Every structure is written in C-alpha cells, then in structure tokens.
There are 2 protein chains.
Amino acid sequence: MGDLPRMKRRTRQHQAIYDVIVAADRPLLAQEILTLAAGAVPQLSIATVYRTIKALQETCTIKAVLLPGQNPRYEPADHSHHHYFQCRQCERVFDVETCPGNLDNLVPSGFTLEDHEIILYGRCCECSTGTIVLATASTLNVG
Amino acid sequence: MGDLPRMKRRTRQHQAIYDVIVAADRPLLAQEILTLAAGAVPQLSIATVYRTIKALQETCTIKAVLLPGQNPRYEPADHSHHHYFQCRQCERVFDVETCPGNLDNLVPSGFTLEDHEIILYGRCCECSTGTIVLATASTLNVG
DNA sequence: CGGCAAATGATATCGCATTCGCAATAGCGG
DNA sequence: CCGCTATTGCGAATGCGATATCATTTGCCG
C-alpha cells in the first residue's frame, strides 16, 4: 500500500488504519475503520483510530465526509470534487463521481454561491437486487 | 397566527414557539427558537422548546432540517420539495425553492435513486454586500 | 370560583462520540 | 542489543445536545 504521512514512528496500527481507508472504495466511519483494521491488528483501540484519523487529517492525507445527522466518515483527501450516494438499506455511503455542474440558477438573487454538496439517497447496487446487505465488517470489501 | 396542533391545553409557550417557527422565513435552531420565543415569553425554558418541537414534529406541523455536521433546524412541514443555502458568514440557512430536477444521470449503474438533497454554500444577500450580520436574535427578522 | 391534571422552569441526568491520563509497549537511532 | 520516548490500549473523563425529574404554575371544565 502507499506511504504513511510523516509520523515520528512507523507502527502496525497506523499502517493498518491507513491501508483500510485507502483500500475502501467508499468513506468509512471511525467504527468501521476500527473493525476493518482490527483484522490486521486485533487489539486495536478506538482511541488509536481517532488519534490516527486526526493525524491523517492534519497532513491532508484523508478528509472527513459529513452527511446530515450522521457521524463523520473518512476517505482519502486526493479525490477530486464529487458527491455521495447513501443506501437506505445498508447505510453505506458511496462516492458519485459525476456532478451536475453549475447551480448558480438555484441561488436567490443577491446571494453568492461558493460551493455545493449533493447527497443522493436510494438503494445501492447490491440492495437493489434483493440481496440483504448490512453495513457490517463482512460487507466491507477492503483489500 | 395559525392554529396549534392538538395539545390538551393551549399555553403561551406553545403559541410563542409555533409563531416563531412559522414567522421565520428560514429553518431555526432550537437555540434560535428559544431566543426568539423568549421575546414573547421571557422566562421560556429550553426544555419547553424541545418538548414543543417534539410535539410539533409528531403532528407533522414542523419538520427537522439536517445539515452536515450541524444541529437540527426546524421549519413548517407544509413546504414543498426544496433545498438549502447556508451563508458561511452569518451561518443562517435559507430555503431554495428551485430544484435542478432529475439527477438519475448521477447515479452509478445498478443503483436506485429515491431522493436527493442539495446544500449550497456561500454568502447570503446581506453578507454579500459587506454588511456584517451574525446569527443573533437581532438579525432574525421574525414577525 | 375550585380543583385536577397538563404544562412549565430549573436543573440534574443521559447518551454517545470523542478525548484524556497513564502505565505498558515497541519503534528506531546509536 | 540498549535506551529513549513516541505510541498504544484501556478505562475514565469530557462536551454537549437532548431528555428526565419534580415541585410549581396554570389551562380549563364544571
């Protein structure tokens, strides 16, 4: 996997957390990161997950993905502008690469538009087919 | 002002809270509701605000407006489908009545789109003109 | 007007994500 | 291989929005 950001020491915990975030094809909750990285470092602590998340954010290696009313998820920071799709069944959040582009026509007159966020809701591919998929470790295809 | 939802007794507190939410032209935080309604009922308690919000939601009189990483705001439930604009300076949230419409082309193949949310960020009319406006009671033009 | 129970205000408490404190562990330079 | 100290794991503590508790107030019906 890739390189870790500048930390004074290289540890199995940091590497496992970093690997899991990079390998995932979608933003992960802190708890998901813990569950997944615990596959490589079984006794991994949630405190270490939070500490590492914070360090990775400070070096702009990962960024937080905030959805309304939900805990933060994290994904690599090098993704270009994109949006999100949340499955209402398995609750997983997926990146949506396309963007409708200019939304200036939505803005009330006198307002200045600087940025926008679009969140789509529905059923993901697997949940659309009738497959029952819950957001547990077993459904997180990482690595 | 309008009628209150079915509650066993009519109180000044309920009426003041309801009035403030209806009169506002934008979704309000619980704290904003407290500040504004306290104009009519000075000793109003935050507990009563939360109790009334809950009751008004249960009767579908108001609904929660959730923005990423922020506390819930509340607005009348009878508004049609719309989106939101948040001013990055005064932090107020405004309704945006227009909607770009069909977003099916954004959805990855195999996914089923059921709903969407769009949040615009920038400067509101007042903050675009250089006027300094902070989200305090004095800036909440209610009633 | 009287009386009962709903509603309120003040404050304590909860829930829960996140952070802290500290002893134990383990990178890594020498 | 040593030793220093960054890092970890564990459990306790924190922060804060929201809710519960309870004595007091107040609608409201008769």
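Note that the structure is a prediction, hence the values are computed from the model and not measured. What you see below is based on every heavy atom in this structure, not just the backbone, and it leaves out hydrogens, waters and symmetry mates.
For the side chain to side chain contact (heavy atoms under 4.5 Å, CB included) with B:I33, the qualifying choice from B:L28, B:L44, B:I62 is B:L28, the only one to do so. A ring-ring contact (aromatic ring centres under 6.0 Å, His included) with A:F111 is found for one member of B:F94, B:Y121, B:Y84 and no other, namely B:F94.
A straight line from CD of A:Q57 to C1' of C:dT18 spans 12 Å, rounded to a whole angstrom. Taking atom CG on B:L56 and atom P on C:dA7, their separation rounds to 12 Å, with Å as the unit. When the P atom of D:dG9 is taken as reference, atom CD1 of A:I17 falls 8 Å away, rounded to whole Å. Between B:I53 atom CD1 and C:dA7 atom C1' the separation is 16 Å, expressed in whole Å. Rounded to whole Å, atom P of C:dA17 lies 14 Å from atom CD1 of A:I33. Protein atom CD of A:Q31 is 13 Å distant from nucleotide atom P of C:dT19, rounded to whole Å.
A:C90 has its side chain out of reach of A:E126: every pair of non-hydrogen atoms, C-beta onward, lies at least 4.5 Å apart. Side-chain atoms of B:Y74 and B:L56, non-hydrogen and from C-beta on, never get closer than 4.5 Å to each other. Counting only heavy atoms from C-beta outward, the side chains of B:R123 and B:T129 never approach each other to under 4.5 Å.
In this structure, A:H116 and A:H83 have tilted ring planes: the angle between them lies in the 30° to 60° band.
In this structure, B:L113 is a member of the same hydrophobic cluster as B:I118, with clusters built from ILVMFWY side-chain heavy atoms closer than 4.5 Å. Hydrophobic clustering, with ILVMFWY side chains joined whenever heavy atoms are under 4.5 angstrom apart, keeps A:L66 apart from A:V93.
Taken residue by residue, residues 63-77 of chain A places heavy atoms nearer than 4.0 Å to DNA chain C at A:N71, A:P72.
A side-chain donor from one of B:Q70 and B:Q86 sits under 3.5 Å from a side-chain acceptor of the other.
Here the CD-OG distance, from A:Q13 to A:S45, works out to 9.5 Å after rounding to the nearest 0.5 Å.
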Can you give one letter per nucleotide of nucleotides 22-30 of chain C, 5' to 3': B if a protein heavy atom sits under 4.0 Å from the base, S if only from the sugar-phosphate, - if neither? ----BBS--
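Side-chain nitrogen and oxygen atoms of B:H14 include at least one within less than 4.0 Å of the OP1 or OP2 phosphate oxygen of C:dT8. Listed pair B:Y50 / D:dA18 meets the phosphate criterion, a side-chain N or O lying under 4.0 Å from OP1 or OP2. Phosphate proximity of D:dT8 to A:S45: absent, as no side-chain N or O sits under 4.0 Å from OP1 or OP2.
In this structure, B:T112 contributes its side chain and A:G122 its backbone to no donor-acceptor pair below 3.5 Å.
Each end of the helix from C:dC1-D:dG30 to C:dG30-D:dC1 gets its own axis from five base pairs, and the two axes differ in direction by 30°, given to 10 degrees.
Heavy atoms of A:I46 sit nowhere under 4.0 angstrom from any nucleic acid atom.
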